[in-house]
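Have a look at the structure below before the remarks.
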Amino acid sequence: MAWLKVVDALKAPVGTTVTVKGWVRTRRDSKADGGLSFVAVHDGTCFDAMQTVCKGTLPNYADEIAKLTTHCAVEITGVASLTPKGGIELQVDPATGGSVTIHGLVDNPDAYPIQPKQHTMEFLREQAHLRVRTNTFGAVARVRSTLSMAIHRFFHERTFFYVHTPIITASDCEGAGQMFRVSTLDIANPPRVGAAPKEARSTSESTPSSPSSPPCYMGDIAPASPHADTPIDFSHDFFGKESHLTVSGQLNVETYCCALSRVYTFGPTFRAENSNTSRHLAEFWMIEPEIAFATLKEDADLAEEFIKYLVNAVLTERADDMKFFDERIEKGLLARLTHVLESPFRRLPYTEAIAILEAAIAGGKKFEFPIKWGADLQSEHERYLTEEHFKQPVILMNYPKDIKAFYMRLNDPGTDGAPGDTVAAMDVLVPGIGEIIGGSQREERLDVLDRRIAEMNLPAKEYWWYRDLRRYGTVPHAGFGLGFERLILFVTGMQNIRDVIPFPRAPKQAEF
RNA sequence: UCCCCGAUAGCUCAAUGGUAGAGCGAUCGGCUGUUAACCGAUAGGUUCUAGGUUCGAGUCCUAGUCGGGGAGCCA
């Protein structure tokens, strides 16, 4: 007798004795053959469950087996045989060594939240600790894992090195959005500039409840502090300066790129934006490759090859789950992904995109927001381009410099016939999601970079180490960021980003 | 953060300002190599919270909390 994962047990030779361990998906009873129960068991190793046929002659049939409900934990031994439809099931008969062991019943099955029926995503989100036992969330979890592995494999096969960029940053120059503060200061009574520093509130080894622990204020904190208007003195904080959770590993990974040539990060990223949408999370995972001796064209080539590699990986490695998504989550998903695999991504200069949108408006297309050269595209404009006009992924390139970040490389005047200055930035737009990748060629010329930092009133001093890269052996380089959860939405057809990460963090949402 | 919509049984949803309902799920029984099984019965309610209007509020008003769709920000 061998304990097999369900994925392997479903391929067991007829006649062999097999043990499976997992959770009951459904139980149905029959009076045939003197009484028997069909108990479907899944262990998460594949989409399908193993059907077991438990005979009424089993010693614990009436007391235990006939009472099994959804998600009871069981261990079942039986003989592999063919179902009338040709699949593999286990015949569980005490006469041939069959047995059913209950590891854990479900208390009060009447009120168990997960039932053998269709639930809404919103409800399951409130049961995040249990939802992974359902078909949909099990499939999402397997696809997510498969994509993670494929990402590392893609880069590994191309001599990229995986760089662990920091989660905590005391650099104030990442500039990609609102940040979460990281601090060990007493939030109710922080040290103020000019005030006498409090001793022994030192960050590292302070005892959890020292005798001098601060008073606990109910309601509003720090009532009527005489120093309330004085800035907080962060020199007393853990890092001796303000620090935050990272919003991007890009600036750090650029340093490694300028030594290892081809690198990437893949880790969690944090944005404290008050974004309440189905496409934003406060904590999400991002993949950021960076390539040296490369221009925007190589960057776009890499992005396209990357997306196609990942789509292909998930189609071939998780065919069972993808079939489910195609049937139950988004009809036509497989056709859409196959189309993405087979068609080249449309490269489109921003300046040309504006012309297409203006022509569309002239042709009667209505947009909520006006469009003109120099303005950023709205979601509706991006959707029009990728979903209606081209009906395929689009790589928009060379945006006006005034709407993009300081580190993006300034293009030569007149690139693409643009009426103003542009930078070598690109966004990959995909039908159904919109922007999935944002990237650029980085400004490698120190004088141009300094001009941009000054133009945008950024704290030049903070960028000393970033500027060093341009002083010591500078090189053209480029990279992009891919939001991992948006990729999962794209390949699964799931609608809400909170349903493709195990425990979503969003405004007012950090349960579990 | 802004606009719109919503919150009633374990779940999905009904209920003219006047007796709280159905389907699914659960429990019990029947039938059946079943697989979203089917048939019958039973149990299951502080109608999100706090105020208010009213003889009377699930229903109307105010505030709040949470959820959904869209927008902004972005990945």
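Lettering follows sequence order; numbering is per chain, from 1. Please read all numbers here as calculations on a predicted model, not as lab measurements.
- For B:rU35, the OP1/OP2 oxygens have no side-chain nitrogen or oxygen of A:Arg28 closer than 4.0 Å.
- The base of B:rG33 sits within donor-acceptor range of the side chain of A:Gln91, with an N or O pair under 3.5 Å.
- Counting distance only, with no hydrogens placed and no angle test, the side-chain atoms of A:Glu273 and the base atoms of B:rU1 include no donor-acceptor pair under 3.5 Å.
- Note on A:Phe123: only backbone sugar-phosphate atoms sit closer than 4.0 angstrom, heavy atoms only; bases stay farther off.
- Using a 4.0 Å heavy-atom distance criterion, A:His119 is classed as a sugar-phosphate-only contact.
- The environment of CD in A:Gln495 is sparse: at most 12 heavy-atom neighbours from other residues, nucleotides or ligands sit within 6.0 Å.
- Under 3.5 Å, the side chain of A:Ser275 and the base of B:rC73 form at least one donor-acceptor pair of N or O atoms.
- Using a 4.0 Å heavy-atom distance criterion, A:Arg131 is classed as making no nucleic acid contact.
- The same atom, C1', is picked in B:rU35 and in B:rU16; the two are 45 Å apart, to the nearest Å.
- In this structure, A:Lys85 reaches the bases: a heavy-atom distance under 4.0 Å links it to at least one base atom across the strands shown.
- Look at A:Arg279 and you won't find any side-chain N or O under 4.0 angstrom from OP1 or OP2 of B:rG72.
- Among the heavy atoms of the strands lying under 4.0 Å from A:Thr277 is at least one base atom, whether or not backbone atoms are also near.
- Aromatic ring centres of A:Phe161 and A:Tyr256 lie farther apart than the 6.0 Å criterion allows.
- A donor-acceptor contact under 3.5 angstrom links the side-chain atoms of A:Arg486 to the base of B:rC74.
- Residue A:Ser379 places at least one side-chain N or O closer than 4.0 Å to OP1 or OP2 of B:rG72.
- As judged by a 4.0 angstrom heavy-atom cut-off over every strand, A:Glu122 is placed among residues touching the sugar-phosphate backbone only.
- The distance from the CD1 atom of A:Ile287 to the NE2 atom of A:His152 is 8.5 Å, given to the nearest 0.5 Å.
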Handout entry: Pair pattern of RNA chain B in dot-bracket, where unpaired bases get dots and | marks partners in another strand, Watson-Crick or G-U under 3.5 angstrom
Key = (((((((..((((....[..)))).(((((.......))))).....(((((..]....))))))))))))....
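- The stretch residues 113-129 of chain A participates, sequence neighbours left out, in these side chain to side chain donor-acceptor pair (under 3.5 Å) pairs: A:Arg125-A:Asp499.
- Within the 4.0 Å cut-off from OP1 or OP2 of B:rG72, at least one side-chain nitrogen or oxygen of A:Gln378 is found.
- In this structure, A:Gln127 reaches neither bases nor backbone, as no heavy-atom distance under 4.0 Å exists between it and the strands shown.
- In this structure, A:Leu482 places its CG atom 18 Å from P of B:rC74, rounding to the nearest Å.
- Counting non-hydrogen atoms of neighbouring residues, nucleotides and ligands closer than 6.0 angstrom, the CZ atom of A:Arg328 reaches no more than 12 such neighbours.
- Considering only heavy atoms from C-beta on, A:Val263 stays 4.5 Å or farther from A:Glu254 through its side chain.
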Fill in the blank from the handout: Each nucleotide of nucleotides 23-32 of chain B classed B (base within 4.0 Å of a protein heavy atom), S (only sugar-phosphate) or -, in 5' to 3' order, makes BBBSS----B
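- Taking the centre and axis of the six-membered ring of A:Phe155, the NZ or CZ atom of A:Arg153 falls outside the cone set by 45° and 6.0 Å.
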